[in-house]
Amino acid sequence: MHQATRRKLLLALLPLAIAVVFTQSRIDPVVADMHRGVKTPFAGLSTEFILGPLLGMQQAVAGLLWVRADEFFHEGDYDAILPMVRMVTWLDPHNLDVYITGAWHLAYNFTDSSERSDRRYIPAAQRLLEEGDANNPTVYDIAFELGWQNTDKIKDYDRAYYWYKKCAEERKGADERGEMTKPVPMFVWHQLAHSLTRLGRIDESIDIWRKALAMSMKIVREDPKDYSKRNVRDSERHNLELMLKRKYSRYTHEIDWALDSKLPSTTDPNTGEPSARDLYVFKSAEEARQKQEQYRAVGQNPPALSVGQPRPPAVQPPWETAFDVRPTFTADRVLELKGQFNVGDGARVTIRLHDENWRPPQLKAFTFTIDQSVTLMQDQHSVRQGIWGRKIDMSKDPKMYSFTSDRYFLVFEFDPRGTSPFVQDRFGWSGEGMTDRKYLTVESQKTPPNRILRKVYRITRAQVLRRAPITEKDVFPADRYAELQRQTP
Amino acid sequence: MVTLAIAKQTLEDMLRRKILLILLIVAVAMIALGPSVGFLSPRESSAVLRSLGLAVILLAGLLITVLTGIQVIPTEIERRTIYTVLSKPVQRYEFVLGKFLGGLFTVFVMLASMGIVFLGVLRYQEGRFSPDMVMGVIMTFFQMMLLGALAIFFSTFATPVVNFFMSFGLFIVGNLSSVTESLLENKNVATRAVATLVHYAIPNFGNFNIQNKLIHPQVVIKNLNMFIMQNVAYAIIYSAVLLILAIIVFDRREV
């Protein structure tokens with residue numbers, strides 16, 4: 001090769017090198033965005049797996065690890081799954097099923113010998129889902145799962161509403177702007193309406209059902225032969241009708257099946273909305289007199305009631321629930337409960353025992369390592385014929401119930417917002433129809449205020465170990481307990 | 001013409017190599033067996049099948065490319081057939097380009113074979129054709145083109161064994177492009193300088209990994225066509241740089 005040719009070739013390298021750097025600088029932002037959340041190859045992999053990510057095959061390694069995690073699950077080796085979930089989400093942060101299944105596993109599957117969940121894992125489950133949602137903002141799946149876990153497991157309806165709203169409204173908007181990779185399905189709107197119901201925001205819930213029904217009717221008009229879409233529309237119509245009937249029956253007129261049975265004939269065939277007509281006013285002096293007697297029967301002076309006047313809510317006057325419980329440690333870390341609750345069969349009382357200084361933690365980053373020294377037990381028990389009781393043996397599970405703290409809170413709660421519809425038929429959605437001389441707590445910071453029943457004991461380790469009895473002197477003010485729980489850990 | 005003739009001869013020679021055919025058969029068998037791990041949920045099964053298929057194609061392509069790239073020139077020297085070739089009116093640059101193109105055609109044939117089987121397996125398993133997977137195979141091809149150029153460059157001065165480890169090692173480092181890119185904004189000046197050098201000087205093989213996009217529908221690349229074009233341009237320009245260097249080095253080499 002001539003010297004001159006060589007020189008020309010060498011000179012040609014310069015613009016080519018500049019072109020390489022320029023092209024790379026254009027590629028970098030796209031690659032960084034595509035690999036958001038990826039932590040590879042330093043993903044804590046063992047040597048047999050490390051080569052895969054090094055060769056650019058992290059998704060395949062993630063897939064194989066997930067297959068292995070599935071095998072561990074079926075073998076019952078739950079502890080082995082957690083590090084694999086972490087590795088898979090580091091290698092492949094767009095695998096939605098790993099976040100969702102991993103969080104479900106954390107929140108539900110670690111249990112004591114009596115199948116009570118180890119709730120210390122719940123913050124980790126939530127954080128994992130939040131991380132997954134941040135890495136996958138163009139789909140609704142993980143935000144929906146956050147809503148569901150807050151509804152079903154944690155019973156934090158405010159947070160459930162937050163996530164469902166994000167799913168339904170924000171991502172619906174993003175979908176319309178073409179920023180989402182798949183449309184938000186109608187069941188997201190259904191859950192949004194349910195979460196508003198659980199918050200006692202009934203009119204807003206009804207509005208969402210109406211909105212969902214309008215959307216579904218439009219969808220069905222566009223594709224009238226699709227059976228599943230028609231089913232969705234019909235379920236929305238049914239739920240709207242149910243909500244309106246419950247609203248009217250619980251708050252605006254006496255439950256009167258003779259009257260209610262006539263309602264379908266005056267129901268709007270499209271929306272399911274019943275007409276108010278004159279069904280909710282006193283039609284005779286006899287009806288007004290009967291209502292006044294109901295007030296007197298529970299020792300209250302009745303308001304003035306007359307024919308043609310709207311009837312007061314069914315939940316008035318409030319029902320005395322006579323809620324109470326006697327806890328006893330019958331053996332070392334064996335708790336026996338005997339309670340009473342004047343409510344319909346099937347209402348569930350929540351029982352919670354935890355370290356005095358425990359607060360629901362907010363994790364900044366996901367970790368499946370939990371503080372083993374924390375004791376946190378939660379259970380529920382159903383009421384039967386006005387009484388309830390249970391023996392809770394925590395002595396068999398020292399890993400979950402280490403009892404290393406000196407003091408504990410033992411809490412008994414009934415929240416009308418989380419209870420069954422047939423109980424709410426009596427008390428209303430927010431407990432408007434119930435009262436209790438001893439343990440009624442009005443959560444006035446909520447809108448509308450929620451009326452819950454709560455009895456709290458502040459007990460010592462010695463009492464847990466049955467070295468001293470629990471007495472009524474150990475009862476702690478419920479308002480003060482709620483205030484402590486709201487404080488940041 | 002001379003270049004193409006050498007390329008054709010190289011392709012024929014490579015396709016006769018048993019080792020490459022064995023690699024192809026093993027890869028095709030692994031792709032065909034992919035559905036056997038599909039006992040998860042349908043969405044998970046699909047992701048695992050796709051990621052495994054693309055990984056097998058990448059791994060087989062990697063081995064085929066490196067084994068081809070490290071052999072094409074040294075074998076000619078070792079067998080002394082290069083004297084016959086270069087005694088003809090053949091320029092050394094034509095020889096290097098011909099060998100590179102021959103190797104590239106070999107890789108193309110192998111990747112295309114695996115890609116067709118992969119698409120067939122997906123069609124059988126999912127009941128529909130997945131044209132988006134073709135994009136994954138194309139990106140792997142351009143990734144291998146860059147790797148092949150690198151191996152050819154090293155083969156002009158290094159022995160096959162040394163070349164194997166250098167090519168393989170740089171492929172691994174080049175796959176860490178997302179790591180080096182994240183270090184470009186490091187507060188430590190020295191770290192930033194090293195990261196900048198590594199990021200822009202070493203071929204970024206990680207650029208070509210679009211498995212995230214292909215496996216998970218929710219991953220959005222704002223302008224996919226532009227991104228593909230940029231990567232193709234990157235592979236072609238960088239390969240040109242490496243081939244020019246290979247030509248210069250080979251031209252001065254005593255054969």
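Quantities reported herein were computed from a predicted structural model and do not represent experimental measurements.
Both the backbone and the side chain of B:Asn231 come within contact range of chain A, each with at least one heavy atom under 4.5 Å from a heavy atom of that chain. The contact between B:Gln230 and chain A is made by backbone and side chain atoms together, counting heavy-atom distances below 4.5 Å. At a 4.5 Å heavy-atom cutoff, B:Arg50 makes no contact with chain A through either its backbone or its side chain. The part of B:Phe227 that comes within reach of chain A is its side chain, from C-beta onward, which places non-hydrogen atoms under 4.5 angstrom from that chain. Contact annotation for B:Asn209: both backbone and side-chain heavy atoms come within less than 4.5 Å of a heavy atom of chain A. Heavy atoms closer than 4.5 Å to chain A are found in the side chain of B:Leu58, but not in its backbone. For B:Ile210, the parts sitting under 4.5 Å from any heavy atom of chain A are the backbone and the side chain alike.
For the set A:Asn136, A:Ile27, A:Val139, the count of heavy-atom pairs under 4.5 angstrom toward chain B peaks at A:Ile27. Annotation: maximal heavy-atom pairing with chain A below 4.5 Å, among B:Leu245, B:Ile247, B:Ile215, B:Asn207, occurs at B:Asn207. Annotation: maximal heavy-atom pairing with chain A below 4.5 Å, among B:Val173, B:Asn204, B:Ile221, occurs at B:Asn204. Listed options B:Val56, B:Leu62, B:Leu59, B:Asn175 were ranked by heavy-atom pairs under 4.5 angstrom with chain A; first place goes to B:Asn175.
Separation of the A:His105 and A:Tyr121 ring centroids does not fall under the 6.0 Å cut-off.
By a heavy-atom distance cut of under 4.5 Å, not one residue of residues 72-80 of chain A is near chain B.
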Practice item. Any chance you could lay out the ring pair (Phe, Tyr, Trp, His ring centres under 6.0 Å) test for A:Phe187 and A:Phe144, step after step, and finish with the verdict? Key: CA-CA 10 Å; A:Phe187 61 74; A:Phe144 181 82; 5.1 Å; yes
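Screening residues 198-218 of chain B for ring-ring contact (aromatic ring centres under 6.0 Å, His included), with sequence neighbours left out, gives B:Phe171-B:Phe205.
In this structure, the side chain of A:Ser235 engages the main chain of A:Val232 through a donor-acceptor pair within 3.5 Å.
The aromatic rings of A:Phe368 and A:Phe366 are tilted relative to each other, their planes meeting at an angle between 30° and 60°.
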